[in-house]
Participant: 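The structure's right below; bear with me while I get my questions together.
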Amino acid sequence: MKNRKVVCDRMLGKLTTWLRISGYDTVYVGDLNIMNRRKEDTFLVTSFKDRILLTRDRELYERCISSNREVIFINSNTIAEQIKELSEKGFEFRIVMDRCSVCNNLLRRPSEEEILDVLRKEGLPEDFKTRYEFWYCENCVKLYWMGSHWRNMVKFLKNIEER
C-alpha cells in the first residue's frame with residue numbers, strides 16, 4: 001500500500017498529516033480552497049481518480065460507491081483509531097522523512113545556508129546543525145529533524161500498534 005496516493009476530505013486533516021509523515025502522497029481538500037460544500041463533494045468524486053479517497057462523510061462515500069470511485073469510509077473520530085483502521089486495510093504508519101507534513105512536497109537535504117537561515121528565523125541555536133540530520137521543504141521553507149517531537153510520534157504509533 002506504500003505507493004498508493006490518497007486524497008482526504010475536509011474532516012481528515014490530522015489523518016492527512018500522519019499519512020504525509022508516513023510517506024504517502026496525500027492531497028487534503030482543505031488545502032484546495034473550495035468554498036462550496038456541494039462543489040467540493042462533486043470535485044472529490046470526479047477528481048484525483050488516481051488516488052483513493054478517504055472520507056468520514058457517509059453521503060460522499062455513497063456517491064463514490066455509485067460512481068465506481070475508489071473510496072474508504074473512516075468510521076472513527078479519533079486519530080489513533082483512524083490510523084488503526086487504515087493499518088488494518090494495509091496502510092503502514094511509520095515516520096519517514098519523504099514529504100512535508102504541511103504541503104505534501106517532497107523533502108530534500110538542505111544546504112548549510114538553508115539550515116542556518118531557518119534556524120535563525122525560528123530562533124533556534126545554530127549548534128542544532130551539528131546535532132541533527134535535516135530534511136527541508138523548499139515550498140514551506142521548513143526544516144525537519146529527528147528530535148523529541150519525532151520520538152513522541154514514534155511512541156504514539158507504537159502505542160496504537162500495541163492496542
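Starting from 1, each residue takes its place in the sequence as its number.
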Participant: If we only count heavy atoms from C-beta on, is the Trp135 to Arg109 side-chain gap below 4.5 Å?
Facilitator: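 Trp135 reaches Arg109 side chain to side chain.
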Participant: Would you check if Val6 and Phe91 make a side-chain contact, meaning some heavy-atom pair closer than 4.5 Å?
Facilitator: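 Contact flag for Val6/Phe91 side chains = yes.
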Participant: Below 4.5 Å, heavy atoms only, C-beta onward: do Asp41 and Asp9 meet side chain to side chain?
Facilitator: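 No, side chains not in contact.
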Participant: Is the side chain of Gln82 donor-acceptor paired with the backbone N or O of Ser76 at a distance under 3.5 Å, no angle test?
Facilitator: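 Judged by distance alone, yes, a pair lies under 3.5 Å.
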Participant: Just so I know, are the side chains of Ile52 and Lys5 near enough to count as touching, which here means a heavy-atom distance under 4.5 Å?
Facilitator: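 A side-chain contact is absent here, since even the closest heavy-atom pair is not under 4.5 Å.
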Participant: For Ser66 and Arg63, indicate whether the former's side chain and the latter's backbone hold a donor-acceptor pair under 3.5 Å.
Facilitator: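 Yes, because the side chain of Ser66 sits within donor-acceptor range (under 3.5 Å) of the backbone of Arg63.
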Participant: Same cluster or not: Phe43 versus Tyr61, using hydrophobic residues (I, L, V, M, F, W, Y) connected whenever any side-chain heavy atoms lie under 4.5 Å apart?
Facilitator: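 Both belong to a single hydrophobic cluster.
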Participant: Please say yes or no: joined through hydrophobic side-chain contacts below 4.5 Å, possibly via intermediate residues, are Phe73 and Met11 part of one cluster?
Facilitator: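 Phe73 and Met11: separate clusters.
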Participant: Do Met97 and Val102 land in one hydrophobic cluster if side-chain heavy atoms of ILVMFWY residues count as linked below 4.5 Å?
Facilitator: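 Result: yes, single cluster for both.
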Participant: Could you check whether atom NZ of Lys14 has more than 12 heavy atoms from other residues, nucleotides or ligands sitting under 6.0 Å from it?
Facilitator: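 Counting other residues, nucleotides and ligands, NZ of Lys14 stays at 12 neighbours or fewer.
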Participant: Salt bridge (Lys or Arg N to Asp or Glu O under 4.0 Å) between Arg120 and Glu126: does it pass, once the steps are laid out?
Facilitator: CA-CA 7 Å; Arg120 287 181 190 129; Glu126 287 188 20; 3.1 Å; yes
Participant: Between Val7 and Leu106, is there shared hydrophobic-cluster membership here, with clusters defined by ILVMFWY side-chain heavy atoms closer than 4.5 Å?
Facilitator: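 Val7 does not cluster with Leu106.
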Participant: May I ask you to decide whether Lys121 forms a salt bridge with Asp117, counting only side-chain N to carboxylate O separations under 4.0 Å?
Facilitator: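 Result for this pair is no, no salt bridge flagged.
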Participant: Indicate the atoms forming the closest heavy-atom contact of Ser22 with Val96, along with that distance.
Facilitator: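 Heavy atoms of Ser22 and Val96 come nearest at C-CG2, 3.4 Å.
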Participant: Between Ile21 and Ile74, is there a shared hydrophobic cluster once you connect ILVMFWY residues whose side-chain heavy atoms come closer than 4.5 Å?
Facilitator: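 Yes, one cluster joins them.
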Participant: Can you give me the closest heavy-atom contact between Cys137 and Asn105, atom names plus distance?
Facilitator: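 In this case the closest contact between Cys137 and Asn105 is SG-CB, 4.0 Å.
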Participant: Asn77: what forms a side chain to side chain contact (heavy atoms under 4.5 Å, CB included) with it, not counting sequence neighbours?
Facilitator: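 With neighbours one apart ignored, the set is Arg56.
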Participant: How would you list all residue pairs meeting salt bridge (charged side-chain N to carboxylate O under 4.0 Å, His left out) that involve residues 76-85, not counting sequence neighbours?
Facilitator: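 Residue pairs with at least one partner in residues 76-85: Glu81-Arg163.
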Participant: I want to check something: taking the side chain as every heavy atom from C-beta on, are Trp18 and Leu157 in contact at a cut-off of under 4.5 Å?
Facilitator: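 In short, these two side chains touch, coming nearer than 4.5 Å.
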Participant: Does the side chain of Pro125 come within less than 4.5 Å of Leu119's, by heavy atoms?
Facilitator: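 Of all side-chain heavy-atom pairs linking Pro125 with Leu119, none is under 4.5 Å.
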Participant: I'd like to know if the side chain of Thr26 pairs up with that of Arg51 as donor and acceptor (distance under 3.5 Å, no hydrogens or angles considered).
Facilitator: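 Looking only at side-chain atoms, Arg51 and Thr26 do not form any donor-acceptor pair under 3.5 Å.
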Participant: Can you name the nearest heavy-atom pair linking Val45 to Ser67, along with the distance?
Facilitator: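 Heavy atoms of Val45 and Ser67 come nearest at CG1-OG, 3.6 Å.
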Participant: Is a salt bridge present between Asp31 and Arg20, judged by a nitrogen-to-oxygen distance below 4.0 Å?
Facilitator: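 So Asp31 pairs with Arg20 through a salt bridge.
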Participant: Report the distance from atom CG of Leu124 to atom CG of Leu116, rounding to the nearest 0.5 Å.
Facilitator: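 Those atoms lie 11.5 Å apart.
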Participant: Do Phe134 and Val118 come close enough that some side-chain heavy atom pair is under 4.5 Å?
Facilitator: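 Not in contact.
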Participant: Atom CG in Asp25, atom CG in Asn104: separation rounded to 0.5 Å?
Facilitator: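 Asp25 CG to Asn104 CG: 5.0 Å, rounded to 0.5 Å.
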Participant: Please set out all donor-acceptor pairs under 3.5 angstrom arising from side-chain atoms of residues 139-156, sequence neighbours excluded.
Facilitator:
| unit_1 | atom_1 | unit_2 | atom_2 | d |
| --- | --- | --- | --- | --- |
| Tyr144 | OH | Ser101 | N | 3.1 |
| Tyr144 | OH | Ser101 | OG | 3.2 |
| Asn152 | ND2 | Ser148 | O | 3.4 |

Participant: Testing the basics here: between Leu19 and Cys8, what is the closest heavy-atom pair and its distance to 0.1 Å?
Facilitator: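 Minimum heavy-atom contact is CD1-SG, 3.8 Å.
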Participant: On a heavy-atom basis, which atom in Pro110 and which in Ile115 lie closest, and how many Å separate them?
Facilitator: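 Here Pro110 and Ile115 meet closest at CG-CG1, 3.5 Å.
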Participant: Counting only heavy atoms not in Glu62, do more than 12 sit closer than 6.0 Å to its CD atom?
Facilitator: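 Buried by this count: over 12 neighbours within 6.0 Å.
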Participant: Does Glu138 offer a backbone N or O that forms a donor-acceptor pair with the side chain of Arg108 under 3.5 Å?
Facilitator: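 Here the side-chain-to-backbone pair does not exist.
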Participant: In Å and rounded to the nearest 0.5 Å, what is the CD1 to CG distance from Ile79 to Leu15?
Facilitator: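 Between Ile79 CD1 and Leu15 CG, I get 4.5 Å after rounding to 0.5 Å.
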Participant: Is any side-chain heavy atom of Leu44 less than 4.5 Å from a side-chain heavy atom of Asp57?
Facilitator: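 No, too far: nothing below the 4.5 Å cut-off.
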Participant: Show, in sequence, the C-alpha distance, side-chain angles and deciding distance for Leu53 and Phe48, and conclude whether the side chain to side chain contact (heavy atoms under 4.5 Å, CB included) test is met.
Facilitator: CA-CA 8 Å; Leu53 174 62; Phe48 300 110; over 6 Å; no
Participant: Check for me whether Arg4 meets the cation-pi criterion with Tyr24, that is, NZ or CZ under 6.0 Å from the six-membered ring centre and within 45 degrees of the ring axis.
Facilitator: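 No; the conditions do not both hold, so Arg4 does not lie above the ring face of Tyr24.
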